[in-house]
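A short write-up of the structure that comes next.
Computed from a predicted structure; not experimentally measured.
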Amino acid sequence: QVQLVESGGGMVQAGGSLRLSCTASGLPFANYALGWWRQAPGKVREFVAVITNMYNEFYEDSVEGRFTISSENAKNMVYLEMNGLQPEDTAVYYCAAASFNGRRSLRLPTEYDYWGQGTQVTVSS
């Protein structure tokens, strides 16, 4: 049984920070990449960041330099540190896991095998 559970969302004013956490249960971290996606109302789900099993990090352009993804494998957790939040960052943020051996782009939602239920991030001006 694999479960991904996000936490840490909330409401913050523009310029503020939040740290999202995701606990992955029942998931062997080896050969998996852990990513964060987001979806705003009326919009498609958007790639945010991913960290591979080799600890390589990749970011969507709009969050590069503001967001940092990290993982703590011994605790089966992945984090997303978000700084300089702006209203356009408002979305439901999802933690997701993709089986990965270096052959996937990790930019397509169909490449991810497991998804959490999401946590709401609201940024007000």
Residues in side-chain contact (heavy atoms from CB on, under 4.5 Å) with V2, at least two apart?
L4, L27, Y114

Can you tell me if E6 uses its side chain to pair, donor with acceptor, with the backbone of G118 under 3.5 Å?
yes

Least distance between heavy atoms, V78 atom then C95 atom:
CG1-SG, 3.6 Å

Does the side chain of W36 reach to within under 4.5 Å of the side chain of C22, using non-hydrogen atoms?
yes

With a 4.5 Å heavy-atom cut-off, do L80 and V48 have their side chains touching?
yes

Pairs involving residues 12-29, ordered by first then second residue, that meet salt bridge (charged side-chain N to carboxylate O under 4.0 Å, His left out) (sequence neighbours left out)
none

Of all heavy-atom pairs linking S125 and A14, the shortest is CA-CB, 4.3 Å

Please determine whether a side-chain nitrogen of the Lys or Arg among R104 and E111 lies less than 4.0 Å from a carboxylate oxygen of the Asp or Glu.
no

Whether the E57 and Y55 side chains hold a donor-acceptor pair (N or O, under 3.5 Å, no angle test) is what I'd like checked.
no

Supply the atom-to-atom distance S70 OG to L34 CG, rounded to the nearest 0.5 angstrom.
10.5 Å

Return the OG to CD distance between S124 and Q86, rounded to the nearest 0.5 Å.
11.0 Å

List, by chain and then residue number, the residues other than M11 in its hydrophobic cluster (Ile/Leu/Val/Met/Phe/Trp/Tyr, side-chain heavy atoms under 4.5 Å); write none if there are no others.
none

Of all residues at least two apart in sequence or in a different chain, which pass the side chain to side chain donor-acceptor pair (under 3.5 Å) check with R66?
D89

Other than M77, which residues form its hydrophobic cluster under the rule that side-chain heavy atoms must be closer than 4.5 Å?
Y79

Please list, chain by chain and in numerical order, all residues satisfying side chain to side chain donor-acceptor pair (under 3.5 Å) with E81, sequence neighbours excluded.
none

With a 4.5 Å limit on heavy-atom distance, are the side chains of F67 and L20 in contact?
no

Check whether any side-chain heavy atom of V63 lies under 4.5 Å from a side-chain heavy atom of R38, and answer yes or no.
yes

By side-chain contact (heavy atoms from CB on, under 4.5 Å), S7 pairs with (sequence neighbours left out) S21

Quick one: salt bridge (charged side-chain N to carboxylate O under 4.0 Å, His left out) partners of R107, sequence neighbours excluded?
none

Under 4.5 Å side-chain heavy-atom separation, chaining through any Ile, Leu, Val, Met, Phe, Trp or Tyr, what else clusters with W37? Say none if it is isolated.
F47, V50, F58, V92, Y94, F100, L106, Y112, W115

Grab the two heavy atoms, one from S71 and one from N73, that are nearest each other, plus how far apart they are.
OG-OD1, 3.5 Å

Taking S99 as the fixed residue, which of N53, D113, N31 is the one that meets the side chain to side chain donor-acceptor pair (under 3.5 Å) rule?
D113

Please write out which residues are connected to V44 in a hydrophobic cluster, directly or through intermediates, given that two of Ile, Leu, Val, Met, Phe, Trp, Tyr count as joined at side-chain heavy-atom separations below 4.5 angstrom.
none

Between CG of N83 and CG of L18, what distance do you get to the nearest 0.5 Å?
9.5 Å

Can Y32 and N101 be counted as having a side-chain donor-acceptor contact under 3.5 angstrom?
no

Determine whether more than 12 heavy atoms belonging to other residues, nucleotides or ligands lie under 6.0 Å from atom CD of Q117.
no

Got a sec, which residues hit side chain to side chain donor-acceptor pair (under 3.5 Å) with E60, two or more places apart in sequence or on another chain?
S62

Would you please say whether a donor-acceptor pair under 3.5 Å links the side chains of T90 and E88?
no

Within the side chain of T52, is there an N or O that forms a donor-acceptor pair under 3.5 Å with the backbone of M54?
yes

Any residue meeting side chain to side chain donor-acceptor pair (under 3.5 Å) with R45, in chain and number order, not counting sequence neighbours:
Q39

